Amino acid sequence: MNGITATAAKYSPSESLNDDVVKAMRSDGTLDPSNDPRISRELAVSLYEAMVRIRMLDERLVALQRQGRIGFHIGSYGEEAAILGSAAALRPNDWLFPCYREFGAALWRGMSLESYLNNMFGNANDPAKGRQMPDHYTCKAAKFTSISSPIGTQITQAVGFAWGAKSQKEDLVTLTYFGEGATSSNEFHNGMNFAAVFKTPTVMFCRNNGWAISVPSEKQTASATFAVKGVAYGMPSVRVDGNDIFAVIKVTRDAILRAAAGFGPTLIEALTYRMSGHSTSDDPKAYRPDDAVVEWGKRDPLMRFRKHLEMNGLWNEAKQVELDARVDAEIRDAITVAEKVAPPALETMFEDVYESVPWHLREQCAEMVAGPRAKGHGGH
Amino acid sequence: MNGITATAAKYSPSESLNDDVVKAMRSDGTLDPSNDPRISRELAVSLYEAMVRIRMLDERLVALQRQGRIGFHIGSYGEEAAILGSAAALRPNDWLFPCYREFGAALWRGMSLESYLNNMFGNANDPAKGRQMPDHYTCKAAKFTSISSPIGTQITQAVGFAWGAKSQKEDLVTLTYFGEGATSSNEFHNGMNFAAVFKTPTVMFCRNNGWAISVPSEKQTASATFAVKGVAYGMPSVRVDGNDIFAVIKVTRDAILRAAAGFGPTLIEALTYRMSGHSTSDDPKAYRPDDAVVEWGKRDPLMRFRKHLEMNGLWNEAKQVELDARVDAEIRDAITVAEKVAPPALETMFEDVYESVPWHLREQCAEMVAGPRAKGHGGH
Amino acid sequence: MPQMNMVQAINDGLRLEMRRDSRVVLLGEDVGKVGGVFRVTQGLFDEFGDSRVVDTPLSEGGIVGCAIGMALYGLVPVPEIQFSDFIFPAYDQIVSELAKYRYRSGGEYSCKVVIRTPVGGGIRGGHYHSQSPESLFIHVAGLKVVCPSNAYDAKGLLLASIRDPDPVLFFEPKRIYRAAKGDVPDGDYTVEIGKAAVVREGKDVTVIAWGAMLYEAIAAADEAAANGVDCEVLDLRTLWPVDIDAIVESVKKTGRVVVVHEAPKTCGFGAELVALINEKAFLHLEAPPMRVTGFDTPFPYTLEMEYLPLAHRILPAVMQTAQF
Amino acid sequence: MPQMNMVQAINDGLRLEMRRDSRVVLLGEDVGKVGGVFRVTQGLFDEFGDSRVVDTPLSEGGIVGCAIGMALYGLVPVPEIQFSDFIFPAYDQIVSELAKYRYRSGGEYSCKVVIRTPVGGGIRGGHYHSQSPESLFIHVAGLKVVCPSNAYDAKGLLLASIRDPDPVLFFEPKRIYRAAKGDVPDGDYTVEIGKAAVVREGKDVTVIAWGAMLYEAIAAADEAAANGVDCEVLDLRTLWPVDIDAIVESVKKTGRVVVVHEAPKTCGFGAELVALINEKAFLHLEAPPMRVTGFDTPFPYTLEMEYLPLAHRILPAVMQTAQF
Ligand SMILES: Cc1ncc(C[n+]2csc(CCOP(=O)(O)OP(=O)(O)O)c2C)c(N)n1
Ligand SMILES: Cc1ncc(C[n+]2csc(CCOP(=O)(O)OP(=O)(O)O)c2C)c(N)n1
Ligand SMILES: [Mg+2]
Ligand SMILES: [Mg+2]
């Protein structure tokens, strides 16, 4: 009936990463000069260290969830180059409108590990005050807006923000992340259309990781690629090897400069792969064949980045051992601290619904505080 | 700020009707053989008569509204070839999912003039039982679904209907009408995507009439054309001279046959022009320069069709005089009848909310019927 | 003081605030050159240009989603939804995003957007140009909901809404857009959000209404007076957070209450008012609070005057309550 | 009789009806091979194939819009919305189209779609995986709204919903998906839409609940009994059209009532129940009807057990009502 058979996913590196896809890293350790973002050695190394850090965080957080110490985690295993490369291309004044997988970008832009973990534990110091699920943080200092679960809504908001900045002649670009599944949402359509019509300085960054939970990318659309959707809106687009951090930096930076120069938005499709389940709630064994994972695993962004750095004399095993130990300790310590922080105070439940607390919430708060506590509640 | 200046509309026949646009009628009275739908002389003449009829209906209904005898009318002046041509291309088993301007298609498919006018008067015999505004009729016998005001919703429904038919292996195509403004709606995006992914037998018929109330088509999207939006969904598309009834029949029929053969949906952009205001509630003088109207007026679909028939010996002034008189009388008589029909009975307000009337509506109905009547109510 | 109708008063308020605060921008379908299908934004495009009075593509989700982004940036967007019947394509942005943004970000962000939209029936609009969806927004924590009934309040509440730190749904009763005329000061003033007005004092029955139905409540009160029943009529003006003190005070005095609204009865705002009155003034009630509302059907075209809770339906409810 | 939990019972009902009626099709995000994120459709893809159990693109508007079209064609679509928090992109199709199609076409057309969607909190889902939006649908004329509390009712009400001629919102309380186990007949049976169940008889206070909160109401009733207060507990099962007779009968007996729901208080369904009770049984009321509900805030994560109207909050309300 639906014309698409439910066989194994067809999204494979060999078929997808064709010549139209921008790549930078070459097997000989050099970078294709036309796609080389020309970043400093220091930046390259710190990006690599950041990548190791978020990979390790992912592993630790999954373990914490399995132990029942946090409720949930949604990670970026396999997609780190797409996330860090794009974040690294931003200028200080630019803003991020995230999906839910980009904690790497938030940390890169300055969110503290402490703050991130406070959100994972939903404790009193959580920037979201324990109100949202884990991985739904916010960090204004990092020009990183608030994460919500509904798919696609941030896309249109990124456009409105950029539109506002443009109207005030402020030199600022917004970048919004979304998955390839989100291209089917209402708000992808709205965001793309408004961005193009009003020529807002916005970068539409699509992480095509092959899956929307159990739905493979080829069931999401009948179009040849996700990038080609730009045509419908009169918006230029580009496909990039999302596991090649140099190529990602290059195309994102180009899009940012283009936007900043007044030429409007760009759609970027970063070809990458969700190596783990959708989240800790998901077990991909039920729907995903192993072979695709194996094939994509050979293009692991971390491994490729490390190899490149090693071939250029910027990295070695000793450094790796030191880094692993340092990051592991950092994460362990931060978790120990965050886990001890108390849950949010009861009254906080009624704050921030409005700027000030109206009569009905004052009454409800008083009633709740004066009443008995729920069983098993960890609050004060 | 928005990068688009608010000057006169740029959508003109000279600039828009380029070589990519399918045309059939030639100035010498012949049809371009490659785009000739090869319809019979009888069909051509009856389509012409139908076109005259809806043009005259438009005129009469606007007059009735000005006289306060009906509440509202939304017409098709200038767009008759797009509407009738596409309707004429349908096979008997095919279904229409209308926007609100296609009463010509409904009449062509068999809705009676009487029924249409009953809706215009919202009387007891209105197929919609006086519940909806004028021009929001329904006609199952004509395989024409129920009109609603919210923009775009019918598009996705047309896809679901076709999908259902395909699943039952019934040879049936759905055609859905919408304006170019509707391409910005959520449901255009949803309908296009689902149609392409599930390869439903659906024709997406976009009447690009240059305007969405006061918003010109070039402010609706930054894409080169509306047809090109098909690319985003992996759906073929075609642009057609919407004021050339033969070309419209040809491209619509091709799309229907393609769909029926299992090749999925097609997006048609019919280039036409809304010669009058958006509806009787609208005065385009406030926002629309006359020159574009004049230019498009030269391509009036009725005039062009008549000329073509005359050049081929199928029509003449005498026939026109006879037709005008006949149609005028038909419309006048039908109006006289419809205007006399009583308003719907009070109790009908509570029917059809559900298949049977539940307790709360029984109570509300009883209360209303037993209570006093509103001033100025024409009901029983 | 100049006489204005509601359209003029809202227009005047928008102009005043746009002159005062360059961050205020209008966006919506047809709000530009043509000045909106009800002409509420007329002349503003000419004065403020296409960067502050913006015709958008036909997408309410796009309008509200962009407005949220603009507000996060620091502008003060005042989007127009052409008819409140067409707000539903933007419902996800309103419910999931606009209403929750401050809360879910722990107060780091807020988005102050005032959504203006015509509401209500009585203009021969049928299903899709007549609805009153206020309770679908009152139920959503984080939104404020306002509905003026006259030109003075319309301007004053609009200015208060635009200066309020929270998102506001500003419903404009289209049936009285031009009929509700009155004195409107030229300059700046506000009408406080959250305060009802006692538009008629009385001791027997409290009638609670807002928007276009206020006039029906008053008409019914006049007729009731002729029948010896003295009504107190409250114009809520702000629907949420509602002025509970004004309601309770009046009900304590009268012990009898009739709530009037155009929206369908079931789960309409009238239900909430009845429940609140039960919670706050149960022992003062001498009769069951009654609701006179739109029926639980889609909004009809031909029979709309029978559907609406007009004076002819309010009066019997008032008499019944008084005589309970 | 086999023991099933709610997930199994709904799955069993779907399978039974799909075998019986080839027009029934399922569509939604992840409903296919993986069997839904809660595994409610598990195994159905294997049995019925990808033309009757369809994984769709990520768009709720597309899912419901297509379902309406399928229903107009004559199929019986049972779309799944992955969480009821994500139903809002489809709200326009539901409110403007699904609910009004029969009425606006004068009965020429109808579209019978059963939208299944998990509802409610208590699974550590925070803002967007915990909400209870039922009143946003009850307010909309033309929809029926159902919410079972146990496995037997879940299957029986699902079958009744699929065979009902009208569109139904079928809310599945996800917190008790696996916890609510019970005897479920293997074969065909239905539970009538519009009928509440008296799950505990009592004479002092009527407690009205549904879904996951029913168990909290029962727990509170047990504790109240220990304190000498005898509660009658009603499980509404169908929220709209509600079983008004069952409610009125119980309130006439007890004269006291507590309504429990997870959704925010303001304009929640509890308000409607209180208003109806006022209209139907005012003179029998010996205390103000009370509402024990979610608070008027977005749904919180860490403090969710304090937010929910659990037994510890119901009991004081019951005692207060009893002692009023
Ligand atoms: C509106 C909405 N519908 C459904 C969901 C449930 N959901 C969460 S993530 C997801 C898949 C998203 O896929 P994609 O956009 O490709 O992002 P990815 O997870 O692959 O990064 C779904 C269906 C949701 N969060 N919001
Ligand atoms: C969701 C929604 N938003 C706004 C409107 C108000 N409206 C009615 S028609 C229209 C313009 C439609 O333009 P287009 O799609 O080009 O169709 P046309 O009228 O030109 O045939 C608008 C904005 C509506 N009916 N529905
Ligand atoms: Mg994905
Ligand atoms: Mg148009």
Side-chain angles (χ1 to χ4, degrees), chain C residues 60-61 85-96 99-100 103-104 126-128 131 133-142 240-242 259 263-283 285 287-291 294-298 300 324, chain D residues 60-61 85-96 99-100 103-104 126-128 131 133-142 240-242 259 263-283 285 287-291 294-298 300 324:
Chain C
E60 290 74 16
D85 312 72
F86 303 139
I87 205 166
F88 302 118
Y91 200 62
D92 190 35
Q93 285 283 5
I94 296 172
V95 170
S96 303
K100 297 180 173 57
Y103 192 78
R104 78 172 194 225
H127 281 32
Y128 299 108
Q131 292 170 89
E134 63 273 358
S135 80
L136 303 175
F137 298 92
I138 297 171
H139 184 53
V140 179
W240 202 255
V242 75
V259 183
K265 182 180 187 184
T266 299
C267 279
F269 188 42
E272 179 59 38
L273 293 171
V274 172
L276 282 174
I277 290 165
N278 269 256
E279 285 160 14
K280 304 277 180 191
F282 183 73
L283 291 180
L285 283 177
M290 287 189 72
R291 293 180 284 172
F295 298 113
D296 284 317
T297 76
F324 186 84
Chain D
E60 290 75 14
D85 313 72
F86 303 137
I87 205 166
F88 302 118
Y91 199 62
D92 190 34
Q93 286 283 6
I94 296 172
V95 170
S96 303
K100 298 181 172 57
Y103 192 78
R104 78 171 194 228
H127 281 32
Y128 299 108
Q131 292 172 88
E134 63 272 0
S135 80
L136 303 175
F137 298 92
I138 297 171
H139 184 52
V140 179
W240 201 255
V242 75
V259 182
K265 183 179 187 185
T266 299
C267 279
F269 188 42
E272 179 59 38
L273 294 171
V274 172
L276 282 174
I277 290 166
N278 269 255
E279 285 160 14
K280 304 277 180 193
F282 185 73
L283 292 179
L285 282 178
M290 288 187 74
R291 294 180 284 172
F295 299 113
D296 283 318
T297 76
F324 185 83

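Sequence lines set the chain letters: A, B, ... in the order given, protein chains first and strands last, and positions in each chain run from 1. Here the structure is a predicted model, which is why all the values come from computation and not from measurement.
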Can you see which heavy atom on [X] is nearest to which on [Y], and at what distance?
X        : Y        : answer
D/Leu136 : C/His139 : CD2-CD2, 3.7 Å
C/Glu279 : D/Pro289 : CG-O, 4.3 Å
C/Ala271 : D/Glu272 : CB-OE1, 3.5 Å

For the interface with chain D, which of [options] has the highest count of heavy-atom pairs at distances below 4.5 Å?
options                              : answer
C/Val274, C/Thr266, C/Thr297         : C/Thr266
C/Ala141, C/Pro288, C/Ala275         : C/Pro288
C/Ile138, C/Ile87, C/Leu273          : C/Ile138
C/Ser96, C/Gly142, C/Ala90, C/Pro300 : C/Ser96

Aromatic plane relationship, C/Phe88 with D/Tyr91 - under 30° parallel, 30 to 60° tilted, over 60° perpendicular: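 It falls in the perpendicular class, over 60°.
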Give, as side chain, backbone, both or neither, the part of [X] having an atom under 4.5 angstrom from any heavy atom of chain D.
X        : answer
C/Ala287 : backbone
C/Glu60  : neither
C/Leu285 : both
C/Leu283 : side chain
C/Phe324 : side chain

What part of D/Gln93 gets within 4.5 angstrom of chain C, counting heavy atoms only: side chain, backbone, both, or neither?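 Neither part; nothing is under 4.5 Å.
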What distance separates C/Phe137 CZ from D/Cys267 SG, expressed to the nearest 0.5 Å?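 The SG atom of D/Cys267 is 12.0 Å from CZ of C/Phe137, to the nearest 0.5 Å.
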If I take atom OH from residue D/Tyr128 and atom CZ from residue C/Arg104, how far apart are they, to the nearest 0.5 angstrom?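 So the OH of D/Tyr128 and the CZ of C/Arg104 are separated by 4.0 Å.
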